[in-house]
Number of protein chains: 2
Amino acid sequence: MRRDIFQAIADPTRRAIIALIAVHAMTPNAIAENFHTTRQAVSRHLRILTECELVKQEFQGREIYYSLEIDKMKEIDNWLKQYRKIWETRFIQLDQILLANKKKKK
Amino acid sequence: MRRDIFQAIADPTRRAIIALIAVHAMTPNAIAENFHTTRQAVSRHLRILTECELVKQEFQGREIYYSLEIDKMKEIDNWLKQYRKIWETRFIQLDQILLANKKKKK
DNA sequence: AATTTGTGAAACCAAAAAGTTGCACATATA
DNA sequence: TATATGTGCAACTTTTTGGTTTCACAAATT
């Protein structure tokens with residue numbers, strides 16, 4: 001049961017959880033209130049997110065506060081970097097074409 | 001069978017296909033040579049990628065060249081943007097703390 | 001001490017995903 | 001025209017996923 005970050009963010013509920021706890025740490029019960037599923041289902045999503053370290057726990061008595069491990073999000077950004085390079089060069093190329101056409105018009 | 005971009009990139013084989021065709025357009029057979037699965041399995045991955053418009057086809061006789069629809073990748077970048085904002089402000093905050101400490105030392 | 005509350009985990013189930021095999025079909029090539 | 005090649009698709013199977021129900025257990029509260 002090897003889970004990676006990309007699989008973690010594939011589920012829309014998990015992305016919603018991420019968006020929620022990005023603002024501030026929340027307990028599983030508080031998180032579950034925002035969804036139409038059971039608390040246990042949310043708990044499982046949290047386990048998956050914790051397993052791949054996208055989320056961290058902070059124990060406070062019997063309550064557990066979950067918050068986003070923002071550094072882990074950078075891994076996605078890092079993967080995207082190679083493609084960002086592509087669309088940026090394309091943009092520059094397009095820019096140069098537009099510029100060349102402008103000159104021609106003159 | 002609603003598929004979104006995040007589900008599309010969840011599969012490691014599909015990410016590998018994306019990486020391959022990002023360099024230059026390739027036919028399904030050429031792509032399949034790089035994997036241990038059957039050509040049909042790769043074909044299915046290509047269908048999924050095409051359905052969510054991450055990939056485009058170019059017909060050339062009986063061959064089909066697949067290439068990356070780079071614009072679609074920006075959607076992931078767009079989603080990531082909100083979190084990038086978080087880690088950048090954290091970085092600035094850390095920076096200010098370090099600066100403050102430096103001043104104290106003096 | 002008894003009860004309530006917050007939580008995770010296991011067992012089970014339905015749905016979806018990913019793979020394989022076998023096919024159909026159109027385009028090249030002999 | 002007959003055959004080879006490149007491709008997609010449907011049927012079937014196995015594995016994975018996401019959900020629910022039921023439990024266990026520790027920390028608060030009564």
Side-chain angles (χ1 to χ4, degrees), chain A residues 1-21 23-69 72 76, chain B residues 1-21 23-69 72 76:
Chain A
M1 219 217 301
R2 185 98 212 104
R3 283 228 188 65
D4 71 356
I5 254 194
F6 293 98
Q7 239 219 302
I9 62 163
D11 186 85
T13 306
R14 283 196 289 269
R15 285 201 302 282
I17 291 175
I18 289 173
L20 265 178
I21 64 174
V23 185
H24 49 70
M26 285 173 83
T27 64
N29 268 328
I31 295 168
E33 276 172 20
N34 295 277
F35 301 97
H36 296 295
T37 58
T38 57
R39 178 194 60 76
Q40 283 87 343
V42 169
S43 180
R44 253 170 60 126
H45 283 307
L46 285 171
R47 183 167 61 180
I48 290 165
L49 290 169
T50 310
E51 268 171 12
C52 69
E53 294 171 298
L54 255 172
V55 146
K56 59 175 177 259
Q57 304 170 308
E58 197 186 324
F59 297 84
Q60 216 165 99
R62 66 176 164 183
E63 292 185 330
I64 304 174
Y65 282 86
Y66 283 87
S67 61
L68 187 60
E69 191 74 79
K72 202 71 180 180
I76 302 164
Chain B
M1 220 218 298
R2 185 99 210 103
R3 282 230 187 63
D4 71 358
I5 250 195
F6 293 99
Q7 236 220 304
I9 63 163
D11 186 86
T13 305
R14 283 198 287 269
R15 285 202 303 282
I17 291 175
I18 288 173
L20 265 178
I21 64 174
V23 184
H24 48 70
M26 286 173 83
T27 64
N29 268 328
I31 295 167
E33 275 172 22
N34 297 276
F35 301 97
H36 297 293
T37 56
T38 58
R39 178 193 60 76
Q40 283 88 341
V42 170
S43 179
R44 256 172 56 127
H45 283 306
L46 285 170
R47 185 168 58 182
I48 290 165
L49 290 169
T50 310
E51 269 170 10
C52 68
E53 294 171 300
L54 255 172
V55 146
K56 58 173 178 261
Q57 304 171 308
E58 196 187 325
F59 296 84
Q60 217 164 99
R62 67 178 163 182
E63 291 183 330
I64 303 174
Y65 282 86
Y66 285 87
S67 60
L68 187 60
E69 191 75 78
K72 201 71 180 179
I76 303 162

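Order of the sequence lines sets the chain letters (A, B, ...), proteins ahead of strands, with each chain counted from 1.
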Protein-proximity profile, nucleotides 18-30 of chain D, B/S/- by nucleotide at the 4.0 Å heavy-atom cutoff, equals BBBBB----BS--
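If you measure from atom CD of A:E33 to atom P of C:dT5, you get 14 Å, rounded to the nearest angstrom. For the pair B:F59 CZ and C:dT27 P, the interatomic distance rounds to 11 Å; values are reported in whole Å. For B:L46 and D:dT7, the CG to P distance is 10 Å, given to the nearest whole Å.
The backbone N or O of A:R39 lies less than 3.5 Å from no partner atom in the side chain of A:S43, so there is not a single donor-acceptor pair. Side chain of B:D11 to main chain of B:Q7: no donor-acceptor pair is present (N/O by atom type, distance under 3.5 Å, no hydrogens or angles). At least one donor-acceptor pair closer than 3.5 Å links the side chain of B:R14 to the backbone N or O of B:A8.
Checking the phosphate oxygens (OP1, OP2) of C:dG8, a side-chain nitrogen or oxygen of A:S43 falls inside 4.0 Å. Residue A:N29 has no polar side-chain atom (N or O) positioned under 4.0 Å from OP1 or OP2 of C:dT5.
If you take CG on A:L68 and CE on A:M26, they are separated by 13.0 Å, rounding to the nearest 0.5 Å. To the nearest 0.5 angstrom, A:I76 atom CD1 is 7.5 Å from B:I9 atom CD1.
Take B:Q57 and apply the side-chain hydrogen bond (donor to acceptor under 3.5 Å, both in side chains) test, not counting sequence neighbours, and it matches B:Y66.
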